[in-house]
Amino acid sequence: METYYKELDITYDKQALIEESKVTRFSAFKSGLNSGSWFDEAPTWQQGHVDTSKCKETRRLVDYFMAKLSTEDIRPRFYKQSANSAVPLHADINTKCCVNIILSDNNGPIVFEDIGKVDYKCALLNITKKHEVPAHTNERLLLKFSIFDITYEQALDRINSAH
């Protein structure tokens, strides 16, 4: 399963991150590709770029992951998936891997095309593999640390060698 994800046992202040999401401005996710896909503008999949000068716990985690993974290009973003809405099957473009922290309670899993449902709270994810997020009765809030300069395999090696 480590080809797709690795659960991480790290310390973070979940309530502080939820509060930081409340001071973040959200807007509909837009891929910028104008490909005619759901991702061109997805009003039920809201994205908020984090101002780390105002979000101290997020800043601490950015610094932690930069050091732990030896990455220079990591960008934190909050995402909200509306209740009873789905994110269709896709592989992320440009983002080589990510660390996601699920902040909402009672939310659905991520589903990888090849391995099925995965429930996690905090994980390194190989989002270059096709995945989707099915509809669930509750809103899903997460903090995603998108990593642009190292692959999932490199990040995984760095995490595993640190233990």
Side-chain angles (χ1 to χ4, degrees), residues 1-8 10 17 20-21 24-52 55 58-59 61-104 107-136 139-160:
M1 294 303 170
E2 277 197 353
T3 304
Y4 294 85
Y5 73 99
K6 178 175 179 69
E7 290 197 58
L8 303 177
I10 64 164
L17 294 173
E20 290 176 0
S21 78
T24 299
R25 193 175 137 259
F26 285 84
S27 58
F29 178 86
K30 293 180 183 181
S31 69
L33 299 177
N34 298 318
S35 63
S37 82
W38 181 87
F39 294 96
D40 288 347
E41 184 167 359
T44 59
W45 184 232
Q46 300 276 312
Q47 180 185 63
H49 293 265
V50 182
D51 178 350
T52 56
C55 299
T58 302
R59 174 79 255 167
L61 290 168
V62 166
D63 293 343
Y64 171 82
F65 289 124
M66 286 180 77
K68 187 79 141 174
L69 301 174
S70 299
T71 177
E72 297 292 323
D73 194 358
I74 184 168
R75 302 176 205 169
R77 299 173 177 127
F78 287 105
Y79 283 88
K80 285 186 206 175
Q81 180 181 344
S82 300
N84 303 307
S85 71
V87 177
L89 189 66
H90 69 286
D92 287 26
I93 299 169
N94 297 325
T95 306
K96 294 185 177 184
C97 64
C98 68
V99 173
N100 281 6
I101 299 174
I102 303 293
L103 299 173
S104 53
N107 52 267
I110 187 173
V111 178
F112 285 97
E113 181 179 48
D114 297 331
I115 64 168
K117 294 179 181 180
V118 174
D119 287 298
Y120 67 92
K121 290 294 178 196
C122 178
L124 174 69
L125 300 170
N126 187 350
I127 40 64
T128 65
K129 303 282 190 190
K130 285 193 170 183
H131 60 283
E132 63 187 331
V133 185
H136 190 72
E139 177 182 84
R140 185 173 193 251
L141 174 65
L142 66 90
L143 177 55
K144 177 179 183 178
F145 296 89
S146 298
I147 300 170
F148 294 89
D149 61 342
I150 62 171
T151 65
Y152 173 81
E153 292 77 15
Q154 289 170 311
L156 183 62
D157 285 347
R158 292 170 189 181
I159 285 172
N160 286 339

E113/L89 under side chain to side chain contact (heavy atoms under 4.5 Å, CB included): CA gap, chis, key distance, verdict: CA-CA 8 Å; E113 181 179 48; L89 189 66; 3.6 Å; yes
Contacts of Q154 that satisfy side-chain hydrogen bond (donor to acceptor under 3.5 Å, both in side chains) - sequence neighbours left out: T151
Shortest non-hydrogen contact between C122 and I101, atoms and distance: SG-CG1, 3.8 Å
For the student: nearest non-hydrogen atoms of N126 and F112, plus distance: O-CE2, 3.6 Å
Interatomic spacing from CG in L17 to CG in L142 - rounded to 0.5 Å: 11.5 Å
Atom pair CD (E2) and CG (D157), whose distance is rounded to the nearest 0.5 Å: 9.5 Å
side-chain hydrogen bond (donor to acceptor under 3.5 Å, both in side chains) involving Q81 - partner list, sequence neighbours excluded: none
Spacing of CG belonging to L103 relative to OG belonging to S21, to within rounding of 0.5 Å: 6.5 Å
Beyond-backbone contact of K68 with I10, side-chain heavy atoms, under 4.5 angstrom: no
Nearest heavy-atom neighbours spanning P43 and A28: CA-CB, 3.7 Å
Partner residues of Q46 under the side-chain hydrogen bond (donor to acceptor under 3.5 Å, both in side chains) criterion, sequence neighbours left out: none
Nearest atoms (heavy-atom pairs only) where A135 meets A86: N-CB, 3.7 Å
Derivation of the side chain to side chain contact (heavy atoms under 4.5 Å, CB included) call for N100 and Y79: CA-CA 10 Å; N100 281 6; Y79 283 88; over 6 Å; no
E132/V87 under side chain to side chain contact (heavy atoms under 4.5 Å, CB included): CA gap, chis, key distance, verdict: CA-CA 6 Å; E132 63 187 331; V87 177; 5.8 Å; no
Heavy atoms of other groups near K30 NZ, more than 12 under 6.0 Å: no
Pairing residues for D119 by the salt bridge (Lys or Arg N to Asp or Glu O under 4.0 Å) criterion, not counting sequence neighbours: none
Exam field: side chain D73 to backbone F148, donor-acceptor pair closer than 3.5 Å: no
List the atom pairs, with distances to 0.1 Å, where a side-chain N or O of residues 91-98 and a protein N or O form a donor-acceptor pair under 3.5 Å, not counting sequence neighbours.
| from | atom 1 | to | atom 2 | distance (Å) |
| --- | --- | --- | --- | --- |
| D92 | OD1 | H90 | NE2 | 3.1 |
| D92 | OD1 | H131 | NE2 | 3.3 |
| D92 | OD2 | K144 | NZ | 2.7 |

Candidates L61, L125, I159, L124 - the one meeting side chain to side chain contact (heavy atoms under 4.5 Å, CB included) with V99: L124
Taking every non-hydrogen atom, the tightest pair across I150 and S70: CG2-O, 4.4 Å
Atom pair NE2 (H49) and OG (S27), whose distance is rounded to the nearest 0.5 Å: 6.5 Å
Contacts of type side-chain hydrogen bond (donor to acceptor under 3.5 Å, both in side chains), residue S104, not counting sequence neighbours: N107
Criterion side chain to side chain contact (heavy atoms under 4.5 Å, CB included) on D51 and T24, from CA distance to verdict: CA-CA 7 Å; D51 178 350; T24 299; over 6 Å; no
Identified side chain to side chain contact (heavy atoms under 4.5 Å, CB included) counterpart of F29 within the set K80, Q47, R77, E41: Q47
Euclidean distance, L156 CG relative to K6 NZ, rounded to 0.5 Å: 6.5 Å
Y120 OH to I110 CD1 distance, which is reported to the nearest 0.5 Å: 5.0 Å
For the student: nearest non-hydrogen atoms of F65 and L8, plus distance: CE2-CD1, 4.3 Å
Check: Y5 side chain, I127 main-chain N or O, donor-acceptor pair, under 3.5 Å: no
